[in-house]
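Counting starts at 1 for both ligands and their atoms, in listed order.
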Amino acid sequence: MNTRLLHDDPQGIETAAAILRAGGLVAFGTETVYGLGADAGNDRAVRAIYTAKGRPGINPLISHFASADAAFAQVEATPLARMLAGRFWPGPLTLVLPRARDCAISTIATAGLPTAAVRVPAGRTIHALLTACGFPVVAPSANPSGRVSPSDAQHVLAGLDGRIDAVLDCGPCPVGVESTIVDLSSARPVLLRPGGITLEMLEDACGMPVATMAGSDDARPSAPGQLSSHYAPGLPVRLEARSVAANEALLAFGPALPGSGLVWNLSADGDLHEAAARLFAGLRFLDMEGHRRGLVGIAVQHVPAHGMGRAIRDRLIRAASPRP
Ligand code: TXA
Ligand code: MG
């Protein structure tokens, strides 16, 4: 299959919508990462996403909508869900809620679960595309399963060229890490994945503590598919580095440690939002260039565990986890 690169203009958006309507696969930029989209109601198209990514069928997909009203037509929204949507949509927050009785989302996309994950992403182009489609669009991150997520169109092509119909080039993703996922299907909200909306923002909006899934492991993943090894570059990753060897690449945060000739600084000023936006591009760059130079691994400096640091650390811990 020849993967087309579509431009961020009315013609590119209409072509992308036409491919999705016809059951094809189109990658597009959101504020978080690039997603690989398909018509959520088309079983064959949804199956093709799993095939293109090599994704396990037990790992359900997030459905994307142009508006909160469109999202809440597919799930049973609670007052808390409506409040969070009002506060954070469009934006990097995904809500897990019971499927509505007449939910149009393929049961393959929700992996047979009684719940569905929904979100309204931010961004002019993705909003125009979702509006043109008029149906829910499922989209996992547009990378081969288990690898580093894409934050620009070239990253998508590096992993999926020839396996999908098109990429709509929406430029670099401003947030840079995936959406925060909150399970609202039981009495109390539970954070399933830290992301672009911080836990502090969520708890402030909810007016109550939000439980996290700190104790989850591979036997009982917090969200199906939240397995410990994920976001993995080719080179091994070593966390909390206090020094770096000459044969290692360095992912720095704040003042860079001396000793490596290959450095990507997430944020020299120690800004966690800048660090999130530069995270996946940095892992890709150090991996590719480190391989070329024959380096043995990527050392990562400490990143604080508050605010956006929680999502960054979550991705780094998975990147460093033993590979299956
Ligand atoms: O920012 C994002 O969320 C990006 C963009 C493209 O929207 N998408 C994304 O999708 O990160 P993906 O497939 O890489 O991650 C989706 C996560 C998985 O961990 C999956 O297990 C969880 O969402 N999920 C989906 N449906 C769920 C459900 N019904 N219950 C619990 N977790 C669910
Ligand atoms: Mg992903």
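The distance from ligand 1 to the heavy atoms of Pro140 drops below 4.0 Å at these ligand atoms: 10 (O), 12 (P), 13 (O). Less than 4.0 angstrom separates some heavy atom of Ile181 from each of these atoms of ligand 1: 17 (C), 22 (C), 23 (O). Per-residue contacts place Ala117 under 4.0 angstrom from the following atoms of ligand 1 (heavy atoms of the residue considered): 25 (C), 26 (N), 27 (C). Counting atoms of ligand 1 from 1 in the listed order, those under 4.0 Å from a heavy atom of Leu192 are 31 (C), 32 (N). Per-residue contacts place Glu178 under 4.0 angstrom from the following atoms of ligand 1 (heavy atoms of the residue considered): 1 (O), 2 (C), 11 (O). Proximity to Asn59 (heavy-atom distance under 4.0 Å) selects the following atoms of ligand 1: 18 (C), 20 (C), 21 (O).
Between Arg310 and Asp314 there is no salt bridge, since no side-chain N of the basic residue sits under 4.0 Å from a carboxylate O of the acidic one. We find that Glu31 and Arg119 are joined by a salt bridge, their nearest charged nitrogen and carboxylate oxygen being less than 4.0 Å apart.
In this structure, of Leu36, Thr32, Val182, the residue bringing a heavy atom nearest to atom 5 (C) of ligand 1 is Thr32. Comparing heavy-atom distances from atom 8 (N) of ligand 1 across Ala139, Cys173, Gly35 singles out Ala139 as nearest. Among Gly112, Ser141, Ser179, the residue whose heavy atom lies nearest to atom 9 (C) of ligand 1 is Ser141.
Alongside Met1, the hydrophobic cluster contains no other residue (criterion: ILVMFWY side chains under 4.5 Å).
The stretch residues 275-284 participates, sequence neighbours left out, in no side chain to side chain donor-acceptor pair (under 3.5 Å) pair at all. The side chain to side chain donor-acceptor pair (under 3.5 Å) contacts involving residues 132-143 comprise Ser141-Asn143, where partners must be two or more places apart or lie in separate chains.
Within the 4.0 Å heavy-atom shell around ligand 1 one does not find Glu31. Contact annotation: Ile62 has at least one heavy atom less than 4.0 Å from an atom of ligand 1.
Checking only distances, Thr115 does come within under 3.5 Å of ligand 1, N or O to N or O. For the pair Tyr34 and ligand 1, the shortest N or O to N or O distance does not fall below 3.5 Å. Remark: ligand 1 and Thr94 share no N or O pair separated by less than 3.5 Å (distance only, no angle test).
Rounding to the nearest 0.5 Å gives a distance of 9.0 Å between CZ of Phe88 and OG1 of Thr180.
Of all heavy-atom pairs spanning Ala73 and Asp102, the tightest one is O-OD1, 4.3 Å. Residue Val120 comes nearest to Ala66 through the heavy atom pair CG1-O, 3.8 Å, listed as atom of the first residue, atom of the second, then distance.
Of all the heavy atoms of Lys53, none lies under 4.0 Å from any atom of ligand 1, so neither backbone nor side chain is involved.
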Is there a side-chain contact (heavy atoms from CB on, under 4.5 Å) between Met208 and Leu80 once you walk through the steps?
CA-CA 11 Å; Met208 63 171 127; Leu80 181 59; 4.2 Å; yes
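Tyr34 contributes a side-chain N or O that, together with a main-chain N or O of Cys170, makes up a donor-acceptor pair within less than 3.5 Å.
Under a cut-off of 6.0 angstrom, the local environment of CZ in Arg313 is crowded, with over 12 non-hydrogen atoms contributed by other residues, nucleotides or ligands.
By the 30° and 60° cut-offs, the orientation of the rings of Phe28 relative to His64 is perpendicular.
Remark: of the listed residues Val156, Leu168, Val167, Val167 is the sole one forming a side-chain contact (heavy atoms from CB on, under 4.5 Å) with Leu5.
Around the Mg ion (ligand 2), the protein N, O or S atoms closer than 2.8 Å are Ser141 OG, listed by chain and residue number.
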